[in-house]
Each structure stands twice: as C-alpha cells, then as structure tokens.
Visitor: 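This is the structure, below, for whatever I ask next.
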Amino acid sequence: MERLHASLSLRERKLEQLETELAEQRLSADVAGTERKFATEMVEQLRGELGRTGEHLREFAGERAKLSLALDAAEARARRLSACEASQADNAAIVRDLAVALHEPIAQGEVEVSVLEGRPVVRINSSELVGETAGEIGQKVITAIAAITARHAESRVAIRETGNVPAAEAAKRLRSVSDALTKSGLGAARLELSPAATPTAATPALELSVFAADDVAPEVEK
C-alpha cells in the first residue's frame, strides 16, 4: 500500500512539474509580446521623426541617415520579436496538446513531457519505438505526435536518443522512428534526426522534440 502511495505521489509531482513548465512557456510568450509591442511603438515613433526631418534634407542630412538606420534596426527587431512571440505561443499550445493527448501514459510514468530550451520534448523508453512494430505506448506517442503536427502545420519534430547506444544502432533506431512518423502522415521534410547524445543514462531513451518551426530567440538588449 505504501509503495502504491509513493508511486501516485511521484506521478502527481511529474504532472505538477509539467504544469509549471507550461506556465513558464506561457510567461515567455507574454514577455515576447510585451517586447514586440514596445518595438512596434518605437518603429512608429521613428517613422514620425523621419517624416519631419524629410522637410529639411540639407540641414538634417546626417540626422536623417542616422534615423533611417535606427528605423531599419527597429523594424528588424520588431520582426524578430513578432516571430519569437508566435513561436513561443505555438510551443505553449504544443505542450498543452501533448499533455492532453498523452495524459494517461504520463500519469502512469511511461511517458515524460517537458520543456527543454523552450521546446516541448517527449521522452519514452527506446524499446517502445524500435523494431518492426512499435509497442502500445510507443504507438500512442506516434499517433499523438502525428495528430498534433497536423494541427500545428508549421511545427517540426527532432528525434534523438540518449543512453549507452552504439552510433550505428542509434542511427538505425532513429530511422525506424522517423519511418513510423512518416507512415502516420508527417512529411519527411519536417523531421530532424540528431546524432546520439553523450550517454546520460544506462537505459536508452528516445527524445522527440515537437516545436514551432520559426523558433527564434529574442535578442538581448545591449
């Protein structure tokens, strides 16, 4: 009985951690939105100043050139922040969809969904997704990812394996997972296969990162 309570407590903590990571993802999207709004307002201000100086080209030629450069830089920053805001919002939606679609295996501790470097990641034991036929849990993951990437048309999937796996065997495993996703309707152009990562655990695990394609990090102010 105590073991059952301990297992349930562990699963509840994992779900609470996922909810925290989703909240952080949403916060990142809100911050990007605020910065984009500020950058857009700056663009409008610079445009107004540029228009006024246009009436005095000879006298303010140097100032106009500087303002033009500042406007170009502000517009480029606004575009980057807009793309960042969109990708952060998309990634938050993908995390939510993964959590809903894989709620049961997550609660059972068979699948882990988290956010790594701003990107949603699904972790599953390699044995569930290798061989000619995926295991029951592996098939649920494949089905969920195929449905979610169909819903988020600009999303991509990056696949890598962690653990003590020879490079040749890891490449074969990744290709097997890639083929399963392709058969489920995900275009091959939207798949990325990463080399085997430095072993971090004895048990091989597959990481499938489902993320917005226009994943742009906001520029740091200098």
Side-chain angles (χ1 to χ4, degrees), residues 14 17-18 21-22 24-25 28-29 80 83-84 86-99 101-102 105-106 109-218:
K14 286 184 177 181
Q17 180 182 359
L18 177 59
E21 291 171 341
L22 179 56
E24 291 175 350
Q25 193 75 358
S28 296
R80 288 194 298 271
C84 178
S87 67
Q88 291 283 4
D90 286 344
N91 284 332
I94 289 171
V95 171
R96 178 201 63 209
D97 291 348
L98 286 169
L102 298 172
I106 290 172
E110 297 162 327
V111 173
E112 180 184 347
V113 175
S114 61
V115 178
L116 181 63
E117 296 179 353
R119 292 181 172 184
V121 175
V122 178
R123 291 187 182 88
I124 183 172
N125 192 298
S126 295
S127 62
E128 286 289 339
L129 284 173
V130 298
E132 296 182 1
T133 305
E136 181 182 354
I137 303 303
Q139 189 55 55
K140 286 183 179 180
V141 170
I142 292 295
T143 301
I145 290 178
I148 290 168
T149 51
R151 191 177 309 148
H152 299 273
E154 299 302 320
S155 62
R156 298 179 63 85
V157 178
I159 312 168
R160 74 169 188 168
E161 185 169 27
T162 60
N164 267 323
V165 184
E169 184 178 343
K172 185 178 180 180
R173 290 174 184 267
L174 296 183
R175 179 55 61 187
S176 174
V177 179
S178 174
D179 290 344
L181 286 168
T182 301
K183 290 177 182 178
S184 295
L186 181 62
R190 296 169 64 188
L191 283 165
E192 300 176 8
L193 305 184
S194 302
T198 301
T200 56
T203 304
L206 284 163
E207 293 184 350
L208 294 90
S209 178
V210 188
F211 59 95
D214 294 325
D215 194 15
V216 183

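Heavy-atom basis, side chains included; hydrogens, waters and symmetry copies ignored.
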Visitor: So do T149 and L181 actually touch side chain to side chain, heavy atoms under 4.5 Å?
Guide: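 Counting from C-beta outward, L181 and T149 never come under 4.5 Å.
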
Visitor: For the residue pair S114 and R123, what are the closest heavy atoms and their distance?
Guide: OG-NH1, 2.7 Å

Visitor: Using a 3.5 Å distance criterion without hydrogens, assess whether the side chain of S155 forms a donor-acceptor pair with backbone atoms of A212.
Guide: no

Visitor: For a side chain to side chain contact (heavy atoms under 4.5 Å, CB included) with L208, tell me which candidate from V121, I124, L98, V113 qualifies.
Guide: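 When V121, I124, L98, V113 are each tested with L208, the side chain to side chain contact (heavy atoms under 4.5 Å, CB included) holds only for I124.
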
Visitor: Quick check for you: to the nearest 0.5 Å, what is the distance between N91 atom CG and S209 atom OG?
Guide: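 Going from the CG atom of N91 to the OG atom of S209 covers 8.0 Å.
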
Visitor: Rounded to the nearest 0.5 Å, how far does CZ of R160 lie from CG of L206?
Guide: 11.0 Å

Visitor: Just by distance, do the side chain of T182 and the backbone of S178 share a donor-acceptor pair under 3.5 Å?
Guide: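 Yes.
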
Visitor: Side chains of I137 and L129: closer than 4.5 Å at any heavy-atom pair?
Guide: no

Visitor: To the nearest 0.5 angstrom, please state how far the CG atom of L191 sits from the CG atom of L186.
Guide: 4.5 Å

Visitor: In Å, rounded to the nearest 0.5 Å, how long is the span from CD of E161 to OG of S126?
Guide: 3.5 Å

Visitor: Assess whether atom CZ of R175 is packed by more than 12 heavy atoms of other residues, nucleotides or ligands within 6.0 Å.
Guide: no

Visitor: Taking it one step at a time, do K140 and V111 satisfy side-chain contact (heavy atoms from CB on, under 4.5 Å)?
Guide: CA-CA 10 Å; K140 286 183 179 180; V111 173; over 6 Å; no

Visitor: Within this structure, what is the CD-CZ distance for the pair E154 and R190, rounded to the nearest 0.5 Å?
Guide: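 Here the rounded value is 7.5 Å.
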
Visitor: Considering only heavy atoms from C-beta outward, does the side chain of D97 approach that of R151 to under 4.5 Å?
Guide: yes

Visitor: Checking E128 side chain against G138 main chain: does a donor-acceptor pair fall under 3.5 Å?
Guide: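 Such a contact is found between E128 side chain and G138 backbone.
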
Visitor: Kindly say whether K172 contributes a backbone atom to a donor-acceptor pair with the side chain of S176 at under 3.5 angstrom?
Guide: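 Checking the backbone N and O of K172 against the side chain of S176, no donor-acceptor pair under 3.5 Å is found.
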
Visitor: If you round to the nearest 0.5 Å, how far is CG of L102 from CD of E112?
Guide: 12.0 Å

